[in-house]
Amino acid sequence: ERERERERESETVGPERDGNSKNDYMQQEDDWDRDMLLDPAWEKQQRKTFTAWCNSHLRKAGTQIENIEEDFRDGLKLMLLLEVISGERLAKPERGKMRVHKISNVNKALDFIASKGVKLVSIGAEEIVDGNAKMTLGMIWTIILRFAIQDISVEETSAKEGLLLWCQRKTAPYKNVNIQNFHISWKDGLGFCALIHRHRPELIDYGKLRKDDPMTNLNTAFDVAEKYLDIPKMLDAEDIVGTARPDEKAIMTYVSSFYHAFSGAQKVSQGTPLNVMNFYTYPICPSPHSLLEWIRRTIPWLENRVPENTMQAMQQKLEDFRDYRRLHKPPKVQEKCQLEINFNTLQTKLRLSNRPAFMPSEGKMVSDISSAWGSLEGAEKGYEEWLLNEIRRLERLDHLAEKFRQKAAIHEAWTDGKEEMLQQKDYETASLSDIKALLKKHEAFESDLAAHQDRVEQIAAIAQELNELEYYDSPSVNARCQQICDQWDSLGVLTQKRSEALQRTEKLLETIDQLYLEFAKRAAPFNNWMEGAMEDLQDTFIVHTIEEIQGLSTAHEQFKATLPEADKERQAILGIHNEIAKIVQTYHVNMAGTNPYTTINPQEINAKWDKVRQLVPQRDQALIEEHARQQNNERLRRQFANQANVIGPWIQTKMEEIGRISIEMHGTLEDQLTHLRQYEKSIVNYKPKIDQLEGDHQLIQEALIFDNKHTNYTMEHIRVGWEQLLTTIARTINEIENQILTRDAKGISQDQMNEFRASFNHFDRDHSGKLGAEEFKACLISLGFDIGNDAQGEAEFARIMSIVDPNRLGVITFQAFIDFMSRETADTDTADQVMTSFKVLAGDKNYILADELRRELPPDQAEYCIARMTPYTGPDAVPGALDYMSFSTALYGESDL
């Protein structure tokens with residue numbers, strides 16, 4: 001608002017600015033803002049306006065320009081322009097085309113401008129010669145200021161102020177025209193039309209113009225001015241309407257053309273009134289008395305400076321004043337002019353008729369009329385300025401009053417309910433988290449309150465300004481302002497009180513919360529300890545050794561040693577709770593709930609502690625009883641272990657001895673059978689010791705003893721071993737008996753039987769008395785059976801397996817092996833018989849020849865034997881000799897041989 005006020009004051013032309021000199025104005029205008037020329041819209045307007053203005057003068061010399069920055073570069077047309085507008089001759093220009101010639105011509109023009117008292121700021125000849133548009137436009141504007149605007153003088157104001165005042169005076173009677181500047185005041189075009197209509201009313205029908213049609217208004221003014229007033233079209237309506245703020249320099253240049261056009265015509269018309277007037281054409285002369293009377297009545301009205309309280313009343317006064325300027329004063333101006341004309345005409349005719357000059361009566365002379373008219377003009381001028389100032393003052397007052405009402409309403413709406421809110425005691429029943437939330441909310445309110453401090457100060461400042469400007473409704477404004485200030489002070493006090501109460505409550509609740517937290521931190525592990533202790537004390541322990549019960553007893557004694565320290569911790573925890581209760585009672589804190597960190601309470605702690613103390617002696621008695629029971633169990637373990645550690649190894653030894661008897665084959669089968677039956681008798685005589693061990697085991701089972709560290713033998717192991725021993729001796733005896741029967745039935749010699757047993761035992765790696773399929777196959781191959789890995793060999797092995805393992809159990813017993821071998825060897829020779837046969841064929845030599853084999857044996861048998869014999873390498877070897885001993889090794893195996 002202050003900026004707008006200063007702008008209006010700077011744009012208003014008044015008596016205070018009349019003293020500014022032309023040189024001061026020129027110096028002020030010379031410091032033009034060159035950066036603004038870079039605005040595209042303004043630059044476009046200046047180019048067109050300045051070009052048209054220059055051409056309006058250059059055409060008198062028969063030339064013109066097209067491009068303002070290009071056509072002045074050589075300085076020739078610039079010097080010509082200065083000569084035309086100044087009427088003076090400049091120095092002779094340089095006619096050369098070189099840059100130095102152009103700079104010289106431009107410098108001559110700039111020197112001429114400077115000689116007229118114009119200060120050129122930052123404008124050099126080089127920039128003009130280089131076609132710098134900004135500097136060229138600035139130079140032309142300087143020329144326009146000096147030669148078209150500076151010499152304008154209206155009512156003791158000159159230059160820009162004089163031109164503005166001239167425009168205001170000429171357009172004052174026109175509705176919708178308010179010339180305050182040289183930019184936005186001309187946008188609607190009515191100002192240009194008003195100037196034309198004021199001086200040439202026959203050219204424009206002003207009553208048909210509309211303020212909301214600026215394009216029509218501007219084009220009408222430009223066209224009429226160009227056609228009838230010889231003012232070139234320097235502006236485009238589109239540029240003015242399409243620009244938020246038209247270029248001031250362009251508008252001033254164009255308006256100055258109107259001033260020069262109309263002021264020159266007025267001087268001519270005023271210089272020759274008597275040449276066109278005929279006194280006798282006005283037989284009825286206006287009365288000086290009526291004119292003077294009207295002036296005397298009007299001056300008091302114009303001198304009345306009693307302000308109105310409302311803008312509407314002042315605007316009505318302004319409207320009355322405008323009606324006076326538009327309706328009442330113009331006829332009186334005509335009357336005054338007619339009186340002067342008639343008086344001069346009368347005096348002339350009287351002088352020509354050699355008659356005495358006419359002397360009006362006292363007080364009615366032309367000088368009296370002029371003096372009265374001057375007083376009227378003075379009163380009129382002061383009245384207009386007073387009206388405008390009063391309207392501005394009322395505008396300011398109305399604006400301030402409205403701003404006061406708005407700010408007061410906003411503030412009152414904001415403060416509504418705030419006092420009740422600040423007086424609430426909601427913190428008395430709030431938890432700590434609620435208190436912290438209330439504090440945050442209150443801090444936010446305090447920030448909001450501080451932010452509204454500026455509004456309260458603004459309200460008070462506006463009220464103060466309204467009082468200083470004598471606002472008519474100041475009492476109500478003051479009352480409302482005082483109420484706001486009083487309420488603001490009350491809010492400040494209540495805010496401080498609530499803040500203190502919240503902080504005090506927060507500290508108390510924080511202390512209680514810390515105690516709650518400490519109680520929870522210490523009560524939780526202590527409660528867990530008590531629960532664990534109760535669980536352990538009530539736990540039904542299951543032990544199996546004396547060491548375990550001793551460990552439990554030791555742990556129990558250690559636990560009892562911790563009870564005094566635990567009781568101290570219990571007392572400390574209960575002390576924390578008592579401290580909380582003391583704070584609540586002392587400061588009358590209204591606790592909203594229980595401990596938020598735990599559900600454990602002192603009553604629960606005491607109850608569990610009493611339970612622990614009750615369970616300790618019960619646990620003592622249970623441990624004593626269990627210790628006695630474990631001592632008895634240990635006696636039973638040792639009793640069982642002493643016997644088991646003897647019986648177990650004895651069974652194992654007997655098993656190994658029986659195995660050796662069946663494997664080592666000492667003596668005949670009958671001898672082995674006799675030896676095994678003696679073992680069987682000694683084993684049966686050991687049965688009472690097994691029965692005694694069964695009795696001890698029964699006692700252990702009744703005592704629920706499941707382990708025995710004193711022995712690795714269990715009753716189950718002893719039973720299984722005893723049964724295996726009996727089964728093994730019986731089976732071994734049966735096998736020997738079956739072997740005897742087989743030997744006798746098949747006619748197998750003892751050597752063959754031993755050979756079969758040796759082969760079987762060799763491949764029975766685990767000494768289980770049975771061969772697996774692969775072990776059996778290897779055994780057959782060692783005995784000379786042709787069962788290779790080819791299809792034929794696999795088929796042969798499958799046939800043999802169907803004989804020895806008809807049930808497909810995957811194992812072959814020694815009995816099945818003997819049965820198979822007895823059938824297979826019924827028609828075969830032994831190894832000794834084979835060797836004897838080879839010796840016969842060799843003629844008792846240690847070797848045999850391949851030819852001898854082919855001669856004595858069938859071809860296939862001969863080749864079979866040759867393929868399985870190695871070359872003989874003895875001392876008596878001959879070429880082609882074969883070692884028949886190697887045949888026997890390949891056929892029966894080295895161990896058998």
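Quick note: numbers below take in every heavy atom, side chains included, and nothing from hydrogens, waters or symmetry partners. Residue numbers start at 1 and run along the sequence shown.
A donor-acceptor pair under 3.5 Å is absent between the side-chain atoms of Asn807 and the main chain of Leu809, judged by distance alone. Between the side chain of Asn528 and the backbone N or O of Ala524 there is at least one donor-acceptor pair closer than 3.5 Å. Counting only distance, with no hydrogens or angles, the side chain of Asn645 and the backbone of Thr711 share no donor-acceptor pair below 3.5 Å. Not one N or O on the side chain of Asp567 forms a donor-acceptor pair closer than 3.5 Å with the backbone of Leu563. Without hydrogens or angle criteria, Thr415 side chain to Lys418 main chain gives no donor-acceptor distance under 3.5 Å. Although no hydrogens or angles enter the test, the distance criterion places no donor-acceptor pair under 3.5 Å between the side chain of Asp513 and the main chain of Leu509. Remark: side-chain polar atoms of Gln538 are paired, donor with acceptor, to backbone N or O of Met534 under 3.5 angstrom. Side-chain atoms of Asp805 come within 3.5 Å of backbone N or O of Gly810 as a donor-acceptor pair.
In this structure, His697 and Phe640 have tilted ring planes: the angle between them lies in the 30° to 60° band. Between Phe776 and Phe797, the ring planes lie tilted relative to each other; the angle falls in the 30° to 60° range.
Asp610 has no carboxylate O lying under 4.0 Å from a charged side-chain N of Arg613, or vice versa, which leaves the two without a salt bridge. Under 4.0 Å is where a charged nitrogen must lie from a carboxylate oxygen, and between Arg392 and Glu395 no such pair does. The pair Glu723-Arg719 fails the salt-bridge criterion, with no side-chain N (NZ, NE, NH1 or NH2) lying under 4.0 Å from an Asp/Glu carboxylate O. Taking the charged nitrogens against the carboxylate oxygens, Glu465 and Lys403 have no contact shorter than 4.0 Å, which rules out a salt bridge. Checked for salt-bridge contact, Glu443 and Lys436 miss the test: no charged N lies under 4.0 Å from a carboxylate O. The existence of a salt bridge linking Asp448 and Lys441 is excluded, since no basic side-chain nitrogen approaches an acidic carboxylate oxygen closer than 4.0 Å.
For Asn712, the CG atom sits in a loose shell: 12 or fewer heavy atoms of surrounding residues, nucleotides or ligands are nearer than 6.0 Å. The number of heavy atoms from other shown groups lying within 6.0 Å of NZ (Lys560) is above 12. Counting non-hydrogen atoms of neighbouring residues, nucleotides and ligands closer than 6.0 angstrom, the CD atom of Glu702 exceeds 12 such neighbours. Dense packing is recorded around NE2 of His452, with more than 12 heavy atoms of other residues, nucleotides or ligands lying under 6.0 Å away. Within a 6.0 Å sphere centred on CD of Glu565, heavy atoms belonging to other residues, nucleotides or ligands number 12 at most. The number of heavy atoms from other shown groups lying within 6.0 Å of CD (Gln585) does not exceed 12.
Between Gln503 and Ser499, the side chains place a donor N or O and an acceptor N or O closer than 3.5 Å (distance only, hydrogens not considered). Judged by distance alone, the side chains of Glu518 and Gln514 never bring a donor and an acceptor atom under 3.5 Å apart. With hydrogens and angles left out, the side-chain atoms of Thr714 and His717 include a donor and acceptor closer than 3.5 Å. Side-chain atoms of Asp486 and Gln482 form a donor-acceptor pair, as typed in the model, at a separation below 3.5 Å. When only modelled atom types and interatomic distance are considered, Gln487 and Gln483 share no side-chain donor-acceptor pair under 3.5 Å. Between the side chains of Tyr713 and Asn708, no donor-acceptor pair of N or O atoms lies under 3.5 Å. Side-chain contact of Arg731 with Asn734: a donor-acceptor pair under 3.5 Å is absent, judged by distance alone. Side-chain contact check for Gln423 and Glu419: no donor-acceptor pair (N or O, by modelled atom type) lies under 3.5 Å. For the 3.5 Å distance criterion, the side chains of Gln639 and His710 fail to qualify, holding no donor opposite an acceptor. Looking only at atom types and distance, the side chain of Gln424 has no donor-acceptor partner in the side chain of Glu420 under 3.5 Å away. A side-chain donor from one of Glu500 and Gln496 sits under 3.5 Å from a side-chain acceptor of the other.
For the salt bridge (charged side-chain N to carboxylate O under 4.0 Å, His left out) test, no residue two or more places apart in sequence or in another chain qualifies with Lys770. In this structure, Glu775 has no salt bridge (charged side-chain N to carboxylate O under 4.0 Å, His left out) partners at least two apart in sequence or on a different chain. For Lys654, the salt bridge (charged side-chain N to carboxylate O under 4.0 Å, His left out) partners two or more places apart in sequence, or in a different chain, are Glu657. Partners of His442 by ring-ring contact (aromatic ring centres under 6.0 Å, His included), not counting sequence neighbours: none found. Under the salt bridge (charged side-chain N to carboxylate O under 4.0 Å, His left out) criterion, Glu604 pairs with Lys608, sequence neighbours left out. For Lys507, there are no side-chain contact (heavy atoms from CB on, under 4.5 Å) partners at least two apart in sequence or on another chain.
Between Ala401 and Leu466, the shortest heavy-atom contact is N-CD2, 4.0 Å. Closest approach of Ala408 and Ile484 over heavy atoms only: CB-CD1, 3.7 Å. The two residues Leu636 and Leu699 have their closest heavy-atom pair at CD1-O, 4.0 Å. The nearest pair of heavy atoms linking Ala644 to Ile718 is O-CD1, 4.3 Å. Taking both residues in full, the closest heavy atoms of Gln630 and Thr545 are given as OE1-N, 3.2 Å, listed atom of the first, atom of the second, then distance. The nearest pair of heavy atoms linking Thr495 to Phe445 is OG1-CE2, 3.4 Å.
The shortest distance between side-chain heavy atoms of Glu569 and Ile573 falls below 4.5 Å. Side chains of Met530 and Lys611 form no contact here, defined as non-hydrogen atoms less than 4.5 Å apart. Taking 4.5 Å as the limit, some side-chain heavy atom of Tyr686 sits within range of a side-chain heavy atom of Trp722.
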Problem set entry | Stepwise side-chain contact (heavy atoms from CB on, under 4.5 Å) check, Tyr472 with Leu394 | CA-CA 10 Å; Tyr472 74 96; Leu394 288 177; over 6 Å; no

For this session: Give the C-alpha distance, both sets of side-chain angles, the deciding distance and a yes or no for salt bridge (charged side-chain N to carboxylate O under 4.0 Å, His left out) between Glu774 and Lys777.
Result: CA-CA 5 Å; Glu774 293 298 323; Lys777 185 176 182 180; 5.3 Å; no

For this session: Show your working on salt bridge (charged side-chain N to carboxylate O under 4.0 Å, His left out) between Asp696 and Arg638 and close with a plain yes or no.
Result: CA-CA 10 Å; Asp696 293 341; Arg638 292 182 181 276; over 6 Å; no

Exercise. Passes side-chain contact (heavy atoms from CB on, under 4.5 Å), Leu515 versus Ile583? Steps please.
Worked result: CA-CA 10 Å; Leu515 292 172; Ile583 293 174; 3.7 Å; yes

Exercise. Would Thr594 and Tyr516 count as a side-chain contact (heavy atoms from CB on, under 4.5 Å) if you check the C-alpha gap in whole Å, the side-chain angles of each, and the deciding distance to 0.1 Å?
Worked result: CA-CA 9 Å; Thr594 58; Tyr516 270 150; 5.7 Å; no

Exercise. Passes side-chain hydrogen bond (donor to acceptor under 3.5 Å, both in side chains), Arg629 versus Asn632? Steps please.
Worked result: CA-CA 5 Å; Arg629 191 175 71 85; Asn632 183 59; over 6 Å; no

Exercise. Does the pair Glu694 and Gln698 meet the rule for a side-chain hydrogen bond (donor to acceptor under 3.5 Å, both in side chains), with working shown?
Worked result: CA-CA 6 Å; Glu694 284 283 2; Gln698 182 65 30; over 6 Å; no

